[in-house]
Amino acid sequence: MTCALVFALLATTVTPRAQTQEFDLLIKNGHVIDAKNGVNAVTDVAVAGGKIARVAANIDPKLARRVVDASGLYVVPGLIDMHAHVFYGTERDAYLSNGESAVPPDSHSFRAGQTTLVDVGGAGWRNFGQFKEQVIDRARTRVLSFINIVGSGMKGGPVEQNLADMDARLTAMRIKQHPGVIVGIKVAHYSGPEWDPVDRAVAAGKEMNVPVMIDFGGHTPPLGLDDLLLKHLRPGDILTHTYAHVAGRIPIVDDNGKVRPYVWEARKRGVIFDAGHGGGSFLFRQAVPATKEGFFPDVISTDLHTGSMNSGMKDILNTMSKFLNLGMPLNDVIKANTAKAADVIKRPDLGHIGVGAEADIAVLNLRKGKFGFVDIAGGKLLGDQKLECELTVRAGQVVWDLNGIAAPMWTDLPRK
Ligand SMILES: [Zn+2]
């Protein structure tokens, strides 16, 4: 038999099945919110080979090996958390850089609809290799990094005060080795009177065309928030902990309950404001007056670590729900953690579910009822809507299924 004939025979036996079931997964009748591709409607999403294969109404369920009914649910791109701490390890006194205050990414991501977590500042240029080997390469979650301007990373205490370990050139060199994985530079916790940590991070950011994220405050004597936002940062750079009121940092809302004019000005010039909830950085006393004026965050993030996960923050959906109940429209809340976040970290391949994109999808339930949301001071805000994650798909694989909407009935499983 000739090779050609063998191929012809194979083709006739394989083709009909391939034609009837061209999709691995079909999510039907969900309300798709995909800001980047301008989709905001009830439609179907089909996945094949780990990628988005088709987004259209009335896709025939016979074409898919697995069908999920998402009626009444929202189907959105896998959420991006732009501020998390996942460089976990067992080094003593290492805080968020191979220490026990950071958490394993897969233990928190998928259950909250997140497919990408960005660790901000855990690793510096010295220990990024360890972070990659120990966490990034082993997680199912896509883990990206804002590398710390401190070469040793976020180990707390005097390590983070060492100006001599903040090197723009070496930081840029490390970023060059991991394009698209190291997506920014973090500055945090420095308490001296100098601008050097910020300015060196911006210098490295300029060289590598990546943004910097600043956790600002605690300087003795204090440094001006206006100077940071208007003089030191570039458009596209990020202030995190937007709604914090911590010692040594001027809050964005003044004593009369008004967002400071220079904060508005900074937004106009393109500075990005990240929620960065955390265990000490989100106060309703700031967020309520700010959002009343329309000052919502550009991106909503958790600042996930062991000090925030069991307090008012809880997870990304609880954090996003706070802004929903503060009046931020659902579309904007979803966009903040998908298309906008991808834009800020210059990863245009992420945060959308256009055909050909990696199939990272979250199926969310917007529950209506009576809910309470707690801030870092322990104060409660009542609300009537809350996001919950029903299903998460990472690169085409179902990685979280709260109520088994993608699972067959147990009675339909084959007997062993
Ligand atoms: Zn943080």
Side-chain angles (χ1 to χ4, degrees), residues 79-89 94-105 107-109 112 114 116-124 127-128 131 135 141 143-150 152-157 159-161 182-191 197-198 201 211-219 228 237-249 272-283 286-287 297-316 318-320 322 336-337 341 344-345 375-376:
L79 302 176
I80 298 168
D81 188 351
M82 249 191 47
H83 185 154
H85 294 284
V86 294
F87 186 6
Y88 69 104
Y95 190 36
L96 295 166
S97 183
N98 193 33
E100 293 163 2
S101 297
V103 300
S107 66
H108 291 260
S109 56
Q114 295 164 310
T116 301
L117 297 185
V118 185
D119 178 276
V120 290
N127 58 355
F128 180 79
F131 177 44
V135 179
T141 309
V143 176
L144 305 176
S145 164
F146 272 55
I147 196 171
N148 205 311
I149 191 63
V150 181
S152 299
M154 201 174 275
K155 289 192 188 293
V159 174
E160 292 188 67
Q161 303 304 318
I182 303 177
V183 293
I185 304 160
K186 179 79 185 286
V187 177
H189 307 154
Y190 183 69
S191 61
V198 171
V212 304
M213 177 187 277
I214 312 291
D215 167 357
F216 197 60
H219 297 277
L228 176 77
D237 288 335
I238 306 148
L239 179 77
T240 189
H241 307 317
T242 294
Y243 305 97
H245 188 173
V246 291
R249 195 200 101 188
I272 302 297
F273 290 86
D274 168 40
H277 189 304
S281 304
F282 178 88
L283 279 170
Q286 284 288 308
D298 295 293
V299 283
I300 302 170
S301 68
T302 58
D303 189 10
L304 170 69
H305 50 72
T306 55
S308 64
M309 65 191 213
N310 293 324
S311 61
M313 188 282 287
K314 296 182 178 65
D315 64 18
I316 192 79
N318 191 62
T319 307
M320 290 162 75
K322 287 179 182 176
N337 283 53
V344 171
I345 60 174
D375 73 4
I376 62 100

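Atoms within a ligand are numbered from 1 in the order they appear, just like the ligands themselves. Side-chain atoms are counted along with the backbone in the values below, which use heavy atoms only and exclude waters and symmetry mates. What you see is a predicted model, and the numbers here were worked out from it, not measured in a lab.
- The CG atom of Asp215 sits 15.0 Å away from the OH atom of Tyr190 when rounded to the nearest 0.5 Å.
- Using a distance-only test at 3.5 Å, with no hydrogens or angles considered, no donor-acceptor pair links the side chain of Lys186 to the main chain of Phe146.
- Going from atom CD of Glu160 over to atom OH of Tyr95 covers 7.5 Å, rounded to the nearest 0.5 Å.
- Within the coordination shell of the Zn ion (ligand 1), defined by N, O or S atoms under 2.8 Å, His83 is present.
- Nearest to the Zn ion (ligand 1), among the N, O or S atoms that His85 has, is NE2.
- The OG1 atom of Thr319 sits 11.5 Å away from atom NE2 of His83, with the distance rounded to the nearest 0.5 Å.
- Residue Asp303 counts as close to the Zn ion (ligand 1), with an N, O or S atom under 2.8 Å.
- For the Zn ion (ligand 1), the N/O/S atoms of His305 include none lying under 2.8 Å.
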